[in-house]
Participant: 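Questions regarding the structure given below will be posed in turn.
Note that this is a predicted model, so its numbers are computed, not measured. Just so you know, these numbers use all the heavy atoms, side chains as well, and skip hydrogens, waters and symmetry mates.
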Amino acid sequence: MRLIFFSFLILVSNHFAWAQLSEADIKYFSQLEDSLIKIKTKVFYSKKEANRFEANKQFIALWNSILKDEKSIQYPFDSLKNDVSLLLSPDKKFRIITWDMRKDDQTYFYFGFIQVNNSKTTKKGLFKKETTSQYEVFQLIDKSVTVKTPENYIANADKWFGMLYVDIIKSDDDYYTLIGWDGNNQLTQRKFIDILSFKSDGTPVFGKDVFKFPGKFAKRVMFEYAGEVAMSLKYNDKRNQIIFSHLAPNTPDPTLEGQFQYYGPDGSFDALSPKKGKWIYEQDIDIRKDKDKNDNSKKPDPNKQTPVYKPK
């Protein structure tokens with residue numbers, strides 16, 4: 001399998017502070033990167049599902065070993081970026097690494113890690129506190145198959161709602177906004193606006209009540225639509241908004257309401273704008289000044305659409 005990053009995304013390579021790595025460090029991590037590349041060929045391109053999953057166990061084990069070294073967060077692993085998403089937060093507090101594993105039935109499992117430069121505050125007496133820095137790694141364990149209501153689900157790294165993250169937006173408050181993709185199944189795919197925050201002890205938490213969205217009490221926002229169409233969902237830094245295609249059934253037939261395999265962009269766009277620590281929904285925004293070649297100007301014909309991602 002080959003992971004293709006989607007048309008709505010410009011995934012910029014992570015450029016770390018290489019000056020902090022010695023030549024010996026760079027050589028060391030380069031050799032480990034070569035080992036990851038050898039394994040990833042089997043992980044993503046083996047035709048047999050059993051072979052992909054067996055290789056993935058080795059892939060996880062090697063990542064586990066590599067990421068124990070806190071210097072690894074400074075190394076970009078650029079040779080892996082066509083198959084593995086490596087996103088460094090804007091404030092360089094953490095890096096999140098995710099990848100997907102396609103099953104033969106066209107459903108997906110997700111895997112990953114978070115490397116965190118944590119600051120922890122501990123009490124040192126009645127009126128004294130001490131803040132220390134600590135590097136930590138958290139493995140992401142995908143439990144999405146057990147989750148019935150993804151938009152209301154909050155969990156730590158070991159009960160993560162798995163997806164492939166493709167962008168990070170730093171909020172003005174104490175959380176980060178992540179844009180993600182999920183291949184879901186043969187009929188539909190999904191995109192998410194997820195929220196990552198950290199507890200006082202440094203533990204990562206996914207999902208947070210920061211959305212003002214009509215008809216939703218969402219801890220993350222989910223968009224589900226036909227597997228063969230393309231939906232735009234991206235952050236516009238000039239407007240400081242998350243702008244996304246409005247989804248609707250491809251015909252006005254009321255019986256298709258909620259049948260997401262028939263949903264696709266209808267040509268209009270909505271947005272989420274930050275205000276007082278929340279993401280506020282805005283309907284039917286005018287994007288004519290910001291329009292680019294990836295945005296749809298009219299309702300697409302599903303029969304003529306090129307899939308965003310098509311597994312082999």
Participant: Taking atom types as modelled, find out whether Lys93 and Asn118 have a side-chain donor-acceptor pair closer than 3.5 angstrom.
Facilitator: yes

Participant: Run the side-chain hydrogen bond (donor to acceptor under 3.5 Å, both in side chains) check on Glu33 and Tyr75 step by step: do they pass?
Facilitator: CA-CA 10 Å; Glu33 184 177 19; Tyr75 187 82; 2.5 Å; yes

Participant: Can a donor-acceptor pair be found between the side chains of Asp83 and Tyr45 at a distance below 3.5 Å?
Facilitator: yes

Participant: Evaluate the criterion salt bridge (Lys or Arg N to Asp or Glu O under 4.0 Å) for residue pair Glu49 and Lys103; output intermediate values, then yes/no.
Facilitator: CA-CA 6 Å; Glu49 179 181 294; Lys103 296 177 64 179; 5.5 Å; no

Participant: With distance as the sole criterion, is a donor-acceptor pair present between the side chains of Tyr262 and Asp253 under 3.5 Å?
Facilitator: no

Participant: Are the charged groups of Asp104 and Arg52 less than 4.0 angstrom apart, N to O?
Facilitator: yes

Participant: Do Trp279 and Ser273 have a side chain donor and acceptor closer than 3.5 Å?
Facilitator: no

Participant: Check the side chains of Trp181 and Asp100 for a donor-acceptor pair under 3.5 angstrom, ignoring hydrogens and angles.
Facilitator: no

Participant: For residues Tyr176 and Asp91, is any side-chain donor paired with an opposing acceptor at under 3.5 Å?
Facilitator: yes

Participant: Please write out which residues are connected to Ile154 in a hydrophobic cluster, directly or through intermediates, given that two of Ile, Leu, Val, Met, Phe, Trp, Tyr count as joined at side-chain heavy-atom separations below 4.5 angstrom.
Facilitator: Val205

Participant: Kindly state whether the ring of Trp160 and the ring of Tyr153 have centres lying under 6.0 angstrom apart.
Facilitator: no

Participant: Applying side-chain hydrogen bond (donor to acceptor under 3.5 Å, both in side chains), run through Tyr281 and Asp270 and close with a yes or a no.
Facilitator: CA-CA 7 Å; Tyr281 175 74; Asp270 302 329; 3.0 Å; yes

Participant: Just so I know, are the side chains of Lys219 and Phe206 near enough to count as touching, which here means a heavy-atom distance under 4.5 Å?
Facilitator: no

Participant: Centre-to-centre under 6.0 Å for Phe244 and Phe223, is that the case here?
Facilitator: yes

